[in-house]
Amino acid sequence: MRGRQHDAFSTYKRGQARDYSNVYDEDGSSVRLVNGKDIGNPSWRRSLPHMLIAAISSFLFGYHLGVVNETLESISVDLGFSGNTLAEGLVVSTCLGGAFVGSLFSGWLADGVGRRRAFQLCALPMIIGSSVSATTKGLWGMLLGRLLVGAGMGIGPAVVALYVAEISPAFIRGRYSCFTQIATCLGIMGALFIGLPAKERGGWWRVCFWVSAVPAATLAVLMEFCAESPHWLFKKGRGTEAEAELERLLGGLYVKSAMAELSKSDRGEESDSVKFSELLYGRHFKVVFMGSTLFALQQLSGINAVFYFSSTVFKSFGVPSESANICVGIANFLGSVIAMILMDKLGRKVLLLGSFSGMVVSLILQVIAANSLASGSGALYLSVGGMLLFVFMFSLGAGPVPSLLLSEIFPGRIRAKAMAICMAVHWVINFFVGLLFLRLLEQIGAQFLYSVFATFCFVAVIFVKRNVVETKGKTLQEIEIALIPPE
């Protein structure tokens with residue numbers, strides 16, 4: 001039935017093809033015309049529901065990052081490993097190991113079964129893993145559940161970045177991407193809020209894990225009604241279905257010009273023909289190197305270490321951990337909202353430069369706070385203020401931009417697999433920063449460690465200035481033609 005509907009639609013579109021044309025203005029941006037008139041941008045309302053459903057994946061990502069924050073103490077007591085710091089560390093870090101494995105396969109899944117099915121395969125281990133964690137009677141069950149959840153977490157970020165980039169009109173793509181970042185913030189804050197009663201109510205942590213299965217199941221069900229990525233369908237040679245999905249996402253007036261742009265770059269090539277070696281040298285090396293380096297610098301900025309250490313810093317000044325988490329969450333959320341507003345106005349590169357520069361300043365404030373020259377209330381304001389400024393500046397650009405930028409600059413033929421490689425780099429460095437942070441803090445001290453993080457942020461400013469190109473307002477095909485030299 002679905003195929004017959006697509007064929008009928010295609011026949012209709014071919015009958016109307018003479019009314020459409022697609023030309024380029026002086027700066028290379030496409031201009032859509034109908035009967036010689038500029039028809040402007042398509043309505044964002046058509047693609048909005050599809051983006052919102054995909055953002056559930058980002059919410060789950062944030063939720064599972066934060067779910068053990070308030071519940072770890074009661075989990076360790078109930079499961080009999082209280083006081084065993086190694087076991088507690090494994091409950092937290094096993095998720096990262098699963099995420100690394102999931103990220104490695106995310107590109108192949110997205111290209112093999114499509115973006116929609118990849119979302120459903122992302123939700124499945126999260127449902128099973130949450131259920132295992134919620135019902136386990138021992139440590140090994142908890143670790144198995146966290147490993148499964150981590151696999152889903154590893155698949156999700158790459159697929160949501162791909163999907164949102166490929167279904168979004170160019171003029172709104174940045175804001176949509178930032179909304180997925182906001183969904184991650186809401187997931188973290190939701191996990192912290194739901195976990196608050198865990199210290200007073202025995203077994204409440206099981207409820208926290210059960211709760212996460214609800215949005216995961218919702219994602220799996222609702223994705224069945226979402227549009228498939230037209231880019232993926234076109235690469236698979238399913239042009240008729242790609243036209244139908246473009247009509248759902250953009251409206252009938254824009255289908256012909258969108259299909260013309262797809263044909264300029266993808267040309268119906270099968271993504272399965274992409275070899276791993278193609279991503280590491282030759283035509284695609286530049287963009288893969290740029291993406292991997294951006295994610296590496298994002299993690300080497302120390303953001304996850306600062307998130308982890310925030311409660312300790314606040315506690316040293318007599319501020320409860322609950323208040324610390326709320327303050328950090330609010331800073332993260334506000335920065336993400338502002339980024340959403342500015343992303344398609346100022347552009348990706350400007351936000352990255354401003355974000356990493358602000359992170360340098362905030363880390364310098366924390367270095368001064370750790371210095372013996374600062375003491376008492378001065379150290380409090382510098383340390384806490386610097387930490388909140390750091391989180392705010394990160395969420396303004398360094399947090400949301402890299403995944404968006406990568407999904408834009410990678411050619412359609414390699415987009416999914418290249419994203420998988422870059423996300424794997426992200427998880428590896430994330431793991432080692434988290435593993436070594438506390439040990440380095442003891443060995444070299446906060447002052448020197450924050451100086452190292454500030455250095456990496458400064459390197460990021462230089463790298464962005466020299467290597468990152470602006471993609472604001474351009475279609476994915478225009479970006480590909482500009483970045484990738486012809487064979």
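What you see is a predicted model, and the numbers here were worked out from it, not measured in a lab. Residue numbers count from 1 along this sequence.
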In this structure, CG of Leu297 is separated from CZ of Phe463 (nearest 0.5 Å) by 6.5 Å
Taking the side chain as C-beta and beyond, is there a heavy-atom pair between Ser395 and Ser336 under 4.5 Å? yes
Using a 4.5 Å cut-off on heavy atoms from C-beta on, say whether the side chain of Arg46 contacts that of Arg248. no
Just verifying a value: how many Å separate Ile172 CD1 and Met51 CE, rounded to the nearest 0.5 Å? 8.5 Å
Minimal non-hydrogen separation, Ala339 against Leu351, with atom names: O-CD1, 4.2 Å
Do the side chains of Ile330 and Leu388 get nearer than 4.5 Å, heavy atoms only? no
Could you please spell out the steps behind the side-chain contact (heavy atoms from CB on, under 4.5 Å) verdict for Phe410 and Leu162? CA-CA 10 Å; Phe410 289 145; Leu162 287 170; over 6 Å; no
Taking the side chain from Ser58 and the backbone from Ala54, do they hold a donor-acceptor pair closer than 3.5 Å? no
Nearest heavy-atom approach of Gly174 to Leu404 is CA-CD2, 3.7 Å
Closest non-hydrogen contact found for His50 with Leu249 is CD2-CD2, 3.6 Å
Are any side-chain N or O atoms of Ser301 and backbone N or O atoms of Gln298, one a donor and one an acceptor, separated by less than 3.5 Å? yes
Any non-hydrogen side-chain atom of Val68 less than 4.5 Å from a side-chain atom of Arg146? yes
Between Val159 and Met419, is the side-chain contact (heavy atoms from CB on, under 4.5 Å) condition met? List the steps. CA-CA 9 Å; Val159 177; Met419 282 291 294; over 6 Å; no
Quick one: pull up CG in Leu352 and CG in Leu346 and give me the separation to the nearest 0.5 Å. 12.0 Å
What is the minimum heavy-atom distance between Ala416 and Ala110, and which atoms define it? CB-CB, 4.1 Å
Are side-chain heavy atoms of Met126 and Met153 found at a separation under 4.5 Å? yes
Given side chains that start at C-beta, do those of Trp232 and Glu245 come closer than 4.5 Å, heavy atoms only? no
Where at least one partner belongs to residues 114-160, residue pairs that pass ring pair (Phe, Tyr, Trp, His ring centres under 6.0 Å), sequence neighbours excluded: Phe119-Tyr163
Any chance CD of Glu470 has more than 12 other-residue heavy atoms, nucleotides or ligands included, within less than 6.0 Å? yes
Sequence neighbours excluded, the answer for side chain to side chain donor-acceptor pair (under 3.5 Å) partners of Glu166 is Arg115, Ser229, Arg415
Nearest-0.5 Å distance, NE2 of residue His231 to CG of residue Leu246: 7.0 Å
Mind checking ring pair (Phe, Tyr, Trp, His ring centres under 6.0 Å) for Phe61 and listing every partner two or more places apart, or none if nothing turns up? Trp427
Pairwise ring pair (Phe, Tyr, Trp, His ring centres under 6.0 Å) hits with a residue in residues 66-106, at least two apart: none
Is the shortest heavy-atom distance from the side chain of Glu408 to the side chain of Leu405 under 4.5 Å? yes
Any salt bridge linking Arg238 with Glu228? Criterion: basic side-chain nitrogen under 4.0 Å from a carboxylate oxygen. no
If you compare all heavy atoms of Ile188 against all heavy atoms of Gly62, which two are closest, and at what distance to 0.1 Å? CG1-O, 3.3 Å
Are any side-chain N or O atoms of Asp344 and backbone N or O atoms of Arg175, one a donor and one an acceptor, separated by less than 3.5 Å? yes
Using 0.5 Å steps for rounding, measure from the CZ atom of Phe453 to the CZ atom of Phe390. 7.5 Å
About how many Å separate CZ of Arg173 and SG of Cys178, when rounded to the nearest 0.5 Å? 12.0 Å
Between Val391 and Phe333, is there a side-chain heavy-atom distance shorter than 4.5 Å? no
Determine the minimum heavy-atom distance between Leu121 and Ile155, stating which atoms define it. O-CD1, 4.3 Å
With Leu147 as reference, evaluate Leu96, Thr94, Val101 under the side-chain contact (heavy atoms from CB on, under 4.5 Å) test and give the passing residue. Thr94
Which pairs count as side-chain hydrogen bond (donor to acceptor under 3.5 Å, both in side chains) when at least one residue sits in residues 202-227, sequence neighbours excluded? Asp78-Trp205, Arg117-Glu224, Gln120-Glu224, Ser130-Ser212
Evaluate side-chain contact (heavy atoms from CB on, under 4.5 Å) for Tyr450 paired with Ser362, printing each intermediate quantity in order. CA-CA 10 Å; Tyr450 284 132; Ser362 63; over 6 Å; no
Partners meeting ring pair (Phe, Tyr, Trp, His ring centres under 6.0 Å) with His426 (sequence neighbours left out): Phe295
Worked check of side-chain contact (heavy atoms from CB on, under 4.5 Å) between Leu219 and Ser57: CA-CA 7 Å; Leu219 173 66; Ser57 173; 4.0 Å; yes
Quick check: does any side chain N or O of Arg348 sit under 3.5 Å from a backbone N or O of Val401, one acting as donor and the other as acceptor? no
